[in-house]
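Just so it is clear, the model here is predicted, and its values are computed rather than measured.
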Amino acid sequence: MSASDENIADSLSTAQRANGTFCPQAQRKFVLIAAILASALGFIDGSVLAIAMPALRENLGASLAEVQWISNAYALTLSALILAGGAAGDRFGLRRAFVTGIALFIAASLACALAPNAGVLIGFRAIQGIGAAIMVPGSLAIIAKAYPKKERGRAIGVWAAASALTTALGPVLGGLVLSTFGNGIWRAIFAINLPLGLISIYLLLAKVPADDATEKRSLDLGGAGLATLAFGLLAYGLTSMSAEGGGQMSWPSIAAGLVLLVVFVFFERQHREPMIDLSLFRIGAFAGANLATFFLYFALSANLFYLPMLLIAGWGLSTAEVGFIFVPLSASIALLSGPVGQWSDKIGPRFPIAAGSLLVAFAFAGLALLTHAGIHNFWTGTFPLMALMGLGMALVVSPLSTAIMTAVEDKDTGAASGINNAVSRIGGLIAVAAMGSLAAWVYALNTGAAPGIPGFGQQAPAGLASDLEAARLAASDAAFAAVAAVTTLLCLLAAVIAWMTVSGQALPWPGRPDDRQADSPRN
């Protein structure tokens, strides 16, 4: 052991005696910086990639089904493995697991940046999701473990604010870059992960001491594998409906996925240390809040994935303009989650969740009516509706966390939070798969499969005849209007479920106020 290692060890011993954390005070800032940079990796990939999809599609010649899987390969492994990834930090130590997740994420990101075709990109996106499944839960957990309780709330607040800023600025800057340098620059979206990730790894290994493992529980890799196969088959079946010649595989894949989902539930019930504690779903408020979460994040993910396609490939707007549609969501959550959370504590989470869900439903209904009528006003039509949606989600996010956490016993709050996080991501996975098939079907129905018309979300070639361009634009509007209409109904359903199941009374928060997990838009 070197002299510097001995000094760190001495400092660590002193810190542990003083406040029970693994990290001395002088090193905590490096934990926070590394966590912020790692969170930025996921947020950049999640929001900027949606803006870049039309450019990526044209550059790689990808079909709509392939574009869906570029998103879903990442979402699949992330959603199915995130609970096991969180347990890895307890089993092997948070610093070690966090560094491993970041390293895998940036290695896969570099491979994505160099991908020669859509198939290779899809494969490396799946590996990227595995890295994210370890990295995402580790980001907040290592802050909580490094800081004592009296300082934890402020540190998490800084992390949440930085995450919200990244989420807001990422699409705007990404859109400007795409508009300036052309379609081929989409690869830089993945390449930027390399320096950010390397800085995080350096800070964690060179400036932060290692922490001890806290639990020796199993990772339930069997459950994780079954979940991956089940949701993968469901997503494949739903996606194949939009693929030419792939429809015959839809229902067998969906049926096989449902069967494996039943097997997964049985496996988890029999497992000694399951990935998901299914007994929590016997609690009505917990089950209802998670069902509302699924519908809300299904709706949110579908619109944020397919709306940029419509605006860029359909309406012909620049990526620089379209990047601004993500700003109201992240800005509203960043500014309002704290006050809304305090309000929810006083009156109970039922009303804020139901009211917020209704506002989101109104926003998506407005988008459906706008596009159905062929009104192409971005700044006076689409953007204000996205601002309304951001306000609605800001009313939902913090109270939804309150509803989840207060529905269970204190000892189960970590498991409950992890399950809710996974549910939101599964909602997004299924949304991109199912709504893409709906959009493709409505688009084909309105174009009559006329030759020479590109597919939904595909940019029109130069010199396309005016009558074909008009038909393409009308069909694009109709396809997205169908997506927006379905998601409107799901948001209304979420409001009803929340009103019927979530508590309408102020409930005591389990533990100290500064122990709450920070609320930020999920990437």
Side-chain angles (χ1 to χ4, degrees), residues 78-79 82-83 85-87 136-137 139-141 144 152-153 156 160 163 268 274-301 333 336-338 340-357 360 392-428 490-491 493-523:
L78 173 57
S79 59
I82 193 169
L83 292 175
V136 168
S139 177
L140 186 57
R152 191 176 300 160
I156 291 176
S163 299
E268 291 296 286
M275 182 173 70
I276 296 179
D277 184 359
L278 295 174
S279 66
L280 294 178
F281 286 95
R282 297 173 186 165
I283 303 170
F286 179 79
N290 275 290
L291 191 57
T293 296
F294 178 86
F295 288 140
L296 276 171
Y297 280 90
F298 181 110
L300 183 68
S301 299
I333 291 175
L336 298 177
S337 283
V340 169
Q342 295 174 357
W343 181 43
S344 173
D345 289 344
K346 294 178 180 178
I347 68 170
R350 174 196 292 167
F351 182 78
I353 296 174
S357 300
V360 177
M393 288 303 299
L395 290 177
V396 166
V397 171
S398 183
L400 195 53
S401 294
T402 301
I404 291 291
M405 299 293 217
T406 54
V408 300
E409 299 293 332
D410 289 12
K411 64 183 179 64
D412 294 321
T413 54
S417 177
I419 291 171
N420 187 246
N421 201 333
V423 166
S424 69
R425 297 174 191 280
I426 292 168
L490 292 180
C491 290
L493 187 57
V496 172
I497 291 170
W499 190 261
M500 293 177 62
T501 61
V502 174
S503 173
Q505 296 180 344
L507 294 174
W509 188 273
R512 294 168 53 91
D514 60 4
D515 287 339
R516 296 189 191 187
Q517 286 197 340
D519 295 310
S520 60
R522 294 174 170 98
N523 52 300

Item to check | Nearest heavy atoms of W499 and R350, plus distance in Å | outcome: O-NE, 3.2 Å
Checklist entry - Taking C-beta and beyond as the side chain, do N290 and F294 meet within less than 4.5 Å on heavy atoms? => result no
Checklist entry - Can you tell me how far the CG atom of N421 sits from the CD1 atom of I82, to the nearest 0.5 Å? => result 4.0 Å
Item to check | Pairwise distance CG(L291) to CG(L493) - rounded to 0.5 angstrom | outcome: 6.5 Å
Checklist outcome for this item: I333 and V397 have their tightest heavy-atom pair at CD1-CG2, 3.9 Å
Item to check | Point-to-point distance, once rounded to the nearest 0.5 Å, from CG of L490 to CZ of F298 | outcome: 6.0 Å
Next on the checklist: If you compare all heavy atoms of V396 against all heavy atoms of S357, which two are closest, and at what distance to 0.1 Å?
Outcome noted: CG2-N, 3.7 Å
Checklist entry - Taking N420 for the side chain and A416 for the main chain, is one N or O donor matched with an acceptor at less than 3.5 Å? => result no
Item to check | Side-chain donor or acceptor of T293 paired with backbone N/O of A289 under 3.5 Å | outcome: yes
Checklist entry - What are the two closest non-hydrogen atoms of P349 and S344, and how far apart are they? => result CA-OG, 3.3 Å
Item to check | Under 3.5 Å donor-acceptor, T402 side chain and S398 backbone | outcome: yes
Checklist entry - What pair of heavy atoms forms the shortest contact from A292 to I497, and how long is it? => result N-CG2, 4.4 Å
Checklist outcome for this item: Rounded to the nearest 0.5 angstrom, the OG-CD1 distance for S301 and I426 is 12.0 Å
Checklist entry - If we only count heavy atoms from C-beta on, is the L336 to L395 side-chain gap below 4.5 Å? => result no
Checklist entry - Looking at CD1 of I419 and CD1 of I404, how far apart are the two atoms once the value is rounded to the nearest 0.5 Å? => result 8.5 Å
Checklist entry - If you look at every heavy atom in P399 and P352, which pair is closest and at what distance? => result CG-CB, 3.6 Å
Next on the checklist: Could you check whether any side-chain heavy atom of I276 comes within less than 4.5 Å of a side-chain heavy atom of F281, counting everything from C-beta outward?
Outcome noted: yes
Checklist entry - Distance-only, no hydrogens or angles: does the E268 side chain make a donor-acceptor pair with backbone N or O of P274 under 3.5 Å? => result no
